[in-house]
*Asks:* 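To start, I am sharing the structure in question, which I have written as structure tokens.
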Protein chains: 2
Amino acid sequence: MPDDAGAPGAGARMRDVAQRAGVSPMTVSRALRDPSKVSPAVLRRVEEAVRAVGYVPNRLAGGLSSMRTNVVGMIVPSLDNSLYSPTIQGVSAVLHASGYQLMIGECGHRVEGEEGLIAAFLAQRVAGLMLHDTRHTAEALAMLRRAGVPVVETGTLALDPLDMVVSYSNEAAAQAMTLHLHRLGYRRIACVTLPSAGNERSRERQKGYRAALAVAGLALDPALVLEMPPGLASGAEAVVRLLQSAAPPDAIFFAGDVLAAGALFECQRRGWDIPGQVAVAAFDDIDILRHTVPPVTTLRLPRAEIGRRGAEVLLDRIEGRATGRVAVDLGFEIIQRGST
Amino acid sequence: MPDDAGAPGAGARMRDVAQRAGVSPMTVSRALRDPSKVSPAVLRRVEEAVRAVGYVPNRLAGGLSSMRTNVVGMIVPSLDNSLYSPTIQGVSAVLHASGYQLMIGECGHRVEGEEGLIAAFLAQRVAGLMLHDTRHTAEALAMLRRAGVPVVETGTLALDPLDMVVSYSNEAAAQAMTLHLHRLGYRRIACVTLPSAGNERSRERQKGYRAALAVAGLALDPALVLEMPPGLASGAEAVVRLLQSAAPPDAIFFAGDVLAAGALFECQRRGWDIPGQVAVAAFDDIDILRHTVPPVTTLRLPRAEIGRRGAEVLLDRIEGRATGRVAVDLGFEIIQRGST
DNA sequence: TTGTACGCGTTATCAT
DNA sequence: ATGATAACGCGTACAA
């Protein structure tokens, strides 16, 4: 292998830059990481040498030596829909602005998947982790504790946070919406969620729904509580099953995914009037719900803000600006529209 | 903070495992990376020691030593909508199945943003890169060439691919849809795209539209070509402007984002009949377009497949199973529905 | 302000 | 099948 400076795959090392600039590698290191620590003349020569040889620092070596990296890991339940996009985008924006990189993993709603990803991320020596789920395997907890890595959970305001939390309360939000429907005069309120098995958020939403019924003095009719898989088609199926039952509801609260949109489109197809025949409320603040006919009453959730604030508190800890645990409740908002 | 075996952040190293298992670090390394290279008895002792000390390998060190990593970088124009989700998910699934990690960057549709991310990814010594854009700065190209990293471009079938390409032809797709509208009898066909400045895909789609008009023998009316920013509201605005003009179109081809859905909802609100008053066709195969009333004619693009195949050809190169350049055309499909 | 010596945790290479 | 040794490229700590 010829010691040609431009051999394919043979990237320039710091010492090549140093040699060309007529200084020691250590000076190059300093010039790159804190320019104020070298003389202006040397800085200029180093920068020139960097450009000349096309030097790209090796963060594997840097990280190994300094015991810190600029990579943050993030684990979301799924990437196949847009629900987590705003949060990912918020995280990404804040991290990149501070010179950090984002590593993303998809655990497929399974805690074992999460455990594997956590192991992989810790192997990369990530500086911090953002976890959407709030349930974890015992082994995952043990690894996180041993590693001592800062963690932010974002899926819901957990009761027993692992470390830091930035989110809103799924239970409070579901309760608020159910009570909102009650205030509007609806008395047989159905609730449709995603499968609650292994999904803490679905369980919390059901809990909030039941709490609201209790507060409102309404009886809980099990026939009015449905769990459906994600997707527009599921929402359509749910509304048909509920409205064609013996005792149909006068309002349906779709507490998950795009179920409400699917139900609405199905009603349009069948000519069922909304909110005349049945009122429809949604949980997720997705864009289409504002533009349908009628537009859908829903909750405005701070998804992007969760990403931004989550990344911020994480960076505060990573960079030593803060030390304690943090729990940030970013709240939610009810958006009343034509569907109720 | 419970301070147990090991100071905070002081994870077990390979030599701790080795000591506990009564072997050398090298044997541990082998046991972990290729169990068939050590005796069964030693393997068992090593595995036990790994569990006992909670060992998590350090891939920074491993990567530095072996000169290879298991991280792939991916750069998308934006993360704030669901358009790239299927592709990301496809990439993620294939990578994780092969033990690779995905690092994601969002360049905000700017080539300078892409350049910065490429530099950051190369600094992490990524094993390969997936780039959605097909336009890059000169400096980015130089860095990629010097690094010799395998690259897959996915945004469109580029004429002069940097390395490998897995995509479909935006131009061919736009031409096909325009001709489809012509075959259906429409004669004044409008075309709405995202801003073409800095967006090669928008330009290609306009090119395909114009090519189709030429083939069909229709004149190009500049008043029928609009560029709008992304978003449902833009689609609504576009349809209003076009239909309230002096010479309105009889069909509109929305070649970007969720513009078609926005237009459709606006027509519902105003009581404009689709396709009676105006036909509507879309480019993106997003879920809602199948469920609206009427459902929207659109192209089915192989977005998830692009991610999967892209990751596959990338891994083939990374792992030395293939060497040459590859250009995979995954094609597209026209889905005729009620809106045309 | 700049340089020297050493170590970060792992793997390649060669030896046993 | 297993071990010893020497990198990998950079940053920390200290010296000049």
Side-chain angles (χ1 to χ4, degrees), chain A residues 1 3 5 7 9-46 49-50 53-71 120 122-127 146-147, chain B residues 6-7 9-46 49-50 53-71 122-127 147:
Chain A
M1 183 86 43
D3 50 310
R13 292 141 303 173
M14 193 175 268
R15 72 151 154 277
D16 301 322
V17 176
Q19 201 165 354
R20 184 157 188 133
V23 296
S24 77
M26 197 55 237
T27 300
V28 174
S29 176
R30 274 193 277 261
L32 261 36
R33 297 190 311 129
D34 187 352
S36 74
K37 293 197 137 192
V38 301
S39 71
V42 166
L43 178 57
R44 219 172 34 73
R45 294 217 310 278
V46 168
V50 164
V53 303
Y55 174 67
V56 176
N58 186 330
R59 294 222 181 284
L60 295 177
L64 180 59
S65 179
S66 66
M67 306 285 256
R68 1 176 286 99
T69 66
N70 65 339
V71 178
L122 292 181
Q124 313 282 354
R125 294 304 187 264
V126 292
R146 272 195 302 264
Chain B
R13 291 141 305 173
M14 192 176 269
R15 70 151 150 281
D16 302 323
V17 176
Q19 202 164 352
R20 183 155 189 136
V23 295
S24 77
M26 199 54 237
T27 300
V28 174
S29 177
R30 276 193 276 258
L32 262 35
R33 297 189 311 133
D34 188 353
S36 74
K37 293 196 136 193
V38 302
S39 71
V42 165
L43 178 57
R44 218 172 35 72
R45 295 217 310 279
V46 168
V50 163
V53 303
Y55 173 68
V56 176
N58 186 331
R59 296 223 181 282
L60 295 177
L64 180 59
S65 180
S66 66
M67 305 283 257
R68 2 176 282 101
T69 67
N70 65 339
V71 178
L122 292 182
Q124 313 282 355
R125 295 302 187 263
V126 292

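A, B, ... follow the sequence lines: proteins, then strands. Residue 1 opens every chain.
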*Asks:* Need to verify one output field. Residue with the more 5' nearest nucleotide on DNA chain D, Pro57(A) or Ser36(B)?
*Replies:* Ser36(B)
*Asks:* State the CG-CE distance between Leu60(A) and Met67(B), to the nearest 0.5 angstrom.
*Replies:*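 Answer for the CG-CE pair, Leu60(A) versus Met67(B), is 10.0 Å.
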*Asks:* What is the distance, to the nearest angstrom, from the CG atom on Leu64(A) to the P atom on dA7(D)?
*Replies:*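 Going from Leu64(A) (CG) to dA7(D) (P), I get 17 Å.
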*Asks:* Which whole-number value in Å describes the distance from Asp16(A) CG to dC8(D) C1'?
*Replies:*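 Nearest whole value for this atom pair: 14 Å.
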*Asks:* Looking at every strand, decide which applies to Met26(B) at a 4.0 Å heavy-atom threshold: base, sugar-phosphate, or nothing.
*Replies:* base
*Asks:* To the nearest angstrom, how far is Arg13(B) atom CZ from dT11(C) atom C1'?
*Replies:* 17 Å
*Asks:* From CZ of Arg15(B) over to C1' of dG3(D), roughly how many Å is that when rounded to an integer?
*Replies:* 16 Å
*Asks:* Of the candidate nucleotides dG9(D), dG9(C), dG3(C), which contains the atom at the shortest distance from the side chain of Val23(A)?
*Replies:* dG3(C)
*Asks:* Quick one: is dG9(D) close enough that its OP1 or OP2 comes under 4.0 Å of any side-chain N or O from Ser65(A)?
*Replies:*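 For dG9(D), neither OP1 nor OP2 has a side-chain N or O of Ser65(A) closer than 4.0 Å.
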*Asks:* Is the phosphate of dT2(C) approached by Ser39(A) (side-chain N or O, under 4.0 Å from OP1 or OP2)?
*Replies:*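 So the side chain of Ser39(A) is within the cut-off, an N or O lying under 4.0 Å from OP1 or OP2 of dT2(C).
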*Asks:* Counting only side-chain N and O atoms of Arg30(A), is one of them less than 4.0 Å from OP1 or OP2 of dT2(C)?
*Replies:*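 So the side chain of Arg30(A) is outside the cut-off, no N or O lying under 4.0 Å from OP1 or OP2 of dT2(C).
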*Asks:* Check this one for me: any side-chain N or O of Arg33(B) less than 4.0 Å away from OP1 or OP2 of dT11(C)?
*Replies:*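 It does, given that an N or O in the side chain of Arg33(B) lies less than 4.0 Å from OP1 or OP2 of dT11(C).
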*Asks:* Starting at CG of Leu32(B) and ending at P of dT10(C), how long is that distance when rounded to a whole Å?
*Replies:* 9 Å
*Asks:* I'd like to know whether Arg125(B) forms a side-chain contact (heavy atoms from CB on, under 4.5 Å) with Val56(A), so could you lay out the CA-CA distance, the side-chain angles of the two residues, the decisive distance to 0.1 Å, and finally the verdict.
*Replies:* CA-CA 9 Å; Arg125(B) 295 302 187 263; Val56(A) 176; 3.8 Å; yes
*Asks:* Taking it one step at a time, do Val71(B) and Gln124(B) satisfy side-chain contact (heavy atoms from CB on, under 4.5 Å)?
*Replies:* CA-CA 8 Å; Val71(B) 178; Gln124(B) 313 282 355; 5.7 Å; no
*Asks:* Using whole Å, what does the distance between atom C1' of nucleotide dC10(D) and atom CG of Asp34(A) come to?
*Replies:* 16 Å
*Asks:* NZ of Lys37(A) versus C1' of dC14(D): gap in Å, rounded?
*Replies:* 13 Å
*Asks:* Taking 4.0 Å as the cut-off, does a side-chain nitrogen or oxygen of Thr27(B) come that near to OP1 or OP2 on dG3(D)?
*Replies:*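 For dG3(D), OP1 or OP2 has a side-chain N or O of Thr27(B) closer than 4.0 Å.
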*Asks:* What is the distance, to the nearest angstrom, from the CG atom on Asn70(B) to the C1' atom on dT11(C)?
*Replies:* 15 Å
*Asks:* Whether Tyr55(A) contacts dG9(D) is assessed here as follows: a side-chain N or O lying under 4.0 Å from the phosphate OP1 or OP2. Is that the case?
*Replies:*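 Checking dG9(D) against Tyr55(A), no side-chain N or O comes under 4.0 Å of OP1 or OP2.
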*Asks:* Which value, rounded to the nearest 0.5 Å, describes the distance between Leu32(A) atom CG and Leu43(A) atom CG?
*Replies:* 9.0 Å
*Asks:* Return the nearest nucleotide to the side chain of Met67(A); candidates are dC10(D), dG3(C), dC8(C).
*Replies:*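 Nucleotide nearest to Met67(A)'s side chain: dC8(C).
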*Asks:* Closest nucleotide of DNA chain D for Ala61(B) versus for Gly22(B): which of these residues is on the 5' side?
*Replies:* Gly22(B)
*Asks:* Check the surroundings of atom CZ in Arg45(A): do more than 12 heavy atoms from other residues, nucleotides or ligands lie under 6.0 Å from it?
*Replies:* yes
